[in-house]
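Read the structure below first, then the notes.
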Amino acid sequence: MTSHARPSGRTAQALVAVVTAKPFRSAKARLSAALAEPLRARLAAAMLADTLEVLATTLPPEAIVAVVGDDAGAEVARSHGVNVVRDEHLGGQSEAALLGARVARRELRARTVVILPADVPALTGEDLAALVEAANRDAIVIVPDRHGSGTNALALTPPDALQPAFGPDSLERHCRLARCTGRSWRILRLRSLALDIDTPGDLAELARVLAGRPERGRTARVLAEIAATDAGAAGQEVSSSQLPSEPPSSSRVGR
Ligand SMILES: Nc1nc2c(ncn2[C@@H]2O[C@H](COP(=O)(O)OP(=O)(O)OP(=O)(O)O)[C@@H](O)[C@H]2O)c(=O)[nH]1
Ligand SMILES: C=C(OP(=O)(O)O)C(=O)O
C-alpha cells in the first residue's frame, strides 16, 4: 500500500477513534444528481468537521485519528488538533479503517478502536459515550445504520478483533464475522449514529434532526445554503424545508 502515516501525537491512548474521509471532491457520489459539485464538497468538509467536533467533546484530540484522502481533509483534521493519517491509496472505507486502526495500535498503543465514517454529523456526545461504554464491555460492538442494513460504527478490542468489511449490507456481514471470532460481541442501536448521509432522503432527515437542536454546526449552515440555492433556482422564498427531494427510485444510485 502506498499510504503513509503522519500522526501528530504519539501519547499512548487506551481508546482511539478512527474517522475515514475520502477526498471531498469525490465524496458523496450518490448525492451528485441532487447536489452540484462545490456544495457537495463543502457538505463533505462540514460533516467531517462536525463529526470531529463531537468526538472531541468526549475524547482528547490525541485519541482521534482522521484518515483523509486529500489536503482539504487534512486541513480540517489539523484544525481540530487530531492525528492526521494521509491515505494515498484510496482503496475504500475498509482499507482506510484498517490503516487508521494500525496507526492507533502501533503508534498510539490503543487497546480499543472505534471506527466511524465522516458523514455522521448528527452524532451526539451521549451516543458516543454509550458506544465507548459498550466498547468497554464487549470485544466487538456493531452500530447499524437507520435502514438496518449498513454499519455506521465498529468498536474493536483489540483493534484487530475483526477485519472491517464495509459496503452494502455490511451489518449482516459484520455480525457473521463477529460470530466467527469467538469473541464477545453485540449490536448497539444508537439513533444519532444511525444517520449517515448518502441520499437526498438522508439529507432531508438530517435537516429535520438538526432543526430541533439549539446549536448550529457547520453542516447545518451548508444545509441552509443548499436550501437557499434550491429556492433561488425555483424563484421561491427560502425555507428550511427546501432541500432536494429523493429522486425517483429508477434513478437512485446505490442501495
Ligand atoms: N480515507 C478514505 N476514506 C474513505 C474511502 N472510501 C470511503 N471513505 C469514507 O468512508 C465513509 C463511507 O464511505 P462511502 O459510503 O463509500 O462514500 P461516501 O462518500 O460517503 O458516499 P458515496 O460517494 O455516495 O459512496 C465516508 O466518510 C467516506 O469519506 C477511502 O478510500 N479512503
Ligand atoms: C459503507 C457503508 O455504508 P454507506 O456506503 O451507505 O456509507 C456500510 O454500511 O458499510
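Both counts, for ligands and for their atoms, begin at 1 and track the order of listing.
More than 12 heavy-atom neighbours from other residues, nucleotides or ligands sit within 6.0 angstrom of CZ on Arg213. Other residues, nucleotides and ligands contribute more than 12 heavy atoms inside 6.0 Å of the CD atom of Glu37. Residue-environment remark: CZ (Arg111) stays at or below the threshold of 12 foreign heavy atoms within 6.0 Å.
Contacts between His147 and ligand 2, counted as non-hydrogen atom pairs separated by less than 4.0 Å, are absent for every part of the residue. Residue Leu171 does not touch ligand 2, judged by heavy-atom distances below 4.0 Å.
For ligand 2, one of its N or O atoms has an N or O atom of Thr151 under 3.5 Å away. Between Asn152 and ligand 2, a contact under 3.5 Å exists for no N or O pair. Note: an N/O pair closer than 3.5 Å links Gly167 and ligand 2 by distance alone. Of the polar atoms of Asp119, none of the N or O atoms is found under 3.5 Å from an N or O of ligand 2, judged by distance alone.
Below 4.0 Å from some heavy atom of Gln93 lie the following atoms of ligand 2, by number and element: 1 (C). Atoms of ligand 2 found under 4.0 Å from any heavy atom of Phe166, numbered from 1 in the order shown, are 1 (C), 10 (O). Using a 4.0 Å cut-off to heavy atoms of Asp196, the atoms of ligand 2 that qualify are 4 (P), 6 (O), 7 (O). Using a 4.0 Å cut-off to heavy atoms of Ser170, the atoms of ligand 2 that qualify are 8 (C), 9 (O), 10 (O). When each atom of ligand 2 is checked for a heavy atom of Gly150 under 4.0 Å away, the hits are 9 (O). For ligand 2 and Asp198, the ligand atoms under 4.0 Å from any heavy atom of the residue are 4 (P), 6 (O), 7 (O).
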Could you walk me through whether Asp198 and Lys28 satisfy the salt bridge (charged side-chain N to carboxylate O under 4.0 Å, His left out) test, starting with their C-alpha distance in whole Å, then the side-chain angles of each, then the deciding distance to 0.1 Å, before giving a yes or no?
CA-CA 6 Å; Asp198 292 316; Lys28 303 293 134 210; 3.6 Å; yes
Chi angles and distances behind the side-chain contact (heavy atoms from CB on, under 4.5 Å) call for Val19, Leu52:
CA-CA 8 Å; Val19 181; Leu52 292 176; 4.1 Å; yes
Any chance you could lay out the salt bridge (charged side-chain N to carboxylate O under 4.0 Å, His left out) test for Asp87 and Lys22, step after step, and finish with the verdict?
CA-CA 8 Å; Asp87 175 6; Lys22 67 186 187 191; over 6 Å; no
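The protein residues lying under 4.0 angstrom from ligand 1, judged by non-hydrogen atoms, are Thr20, Ala21, Lys22, Ala27, Lys28, Ala29, Arg30, Val67, Asp87, Leu90, Gly91, Gly92, Gln93, Ala96, Pro117, Ala118, Asp119, Asp198.
With Thr219 as the partner, the side chain to side chain donor-acceptor pair (under 3.5 Å) test is satisfied by one option alone out of Asp50, Asp119, Thr51: Asp50.
Side-chain contact, Asp127 with Ser192: a donor N or O sits under 3.5 Å from an acceptor N or O.
Of all heavy-atom pairs between Ala17 and Leu116, the closest is CB-CD1, 4.5 Å. Thr181 and Ala178 make their closest contact through OG1-O, 2.6 Å (heavy atoms, listed as atom of the first residue, atom of the second, distance).
The existence of a salt bridge linking Asp202 and Arg30 is excluded, since no basic side-chain nitrogen approaches an acidic carboxylate oxygen closer than 4.0 Å.
Residue-ligand proximity: Arg30 is placed with a non-hydrogen atom under 4.0 Å from ligand 2. Not a single heavy atom of Pro117 sits closer than 4.0 Å to an atom of ligand 2.
Remark: Arg189 pairs with Pro144, Ile187 by the side-chain contact (heavy atoms from CB on, under 4.5 Å) rule, at least two apart or across chains.
Side chain of Ser26 to main chain of Pro23: a donor-acceptor pair is present (N/O by atom type, distance under 3.5 Å, no hydrogens or angles).
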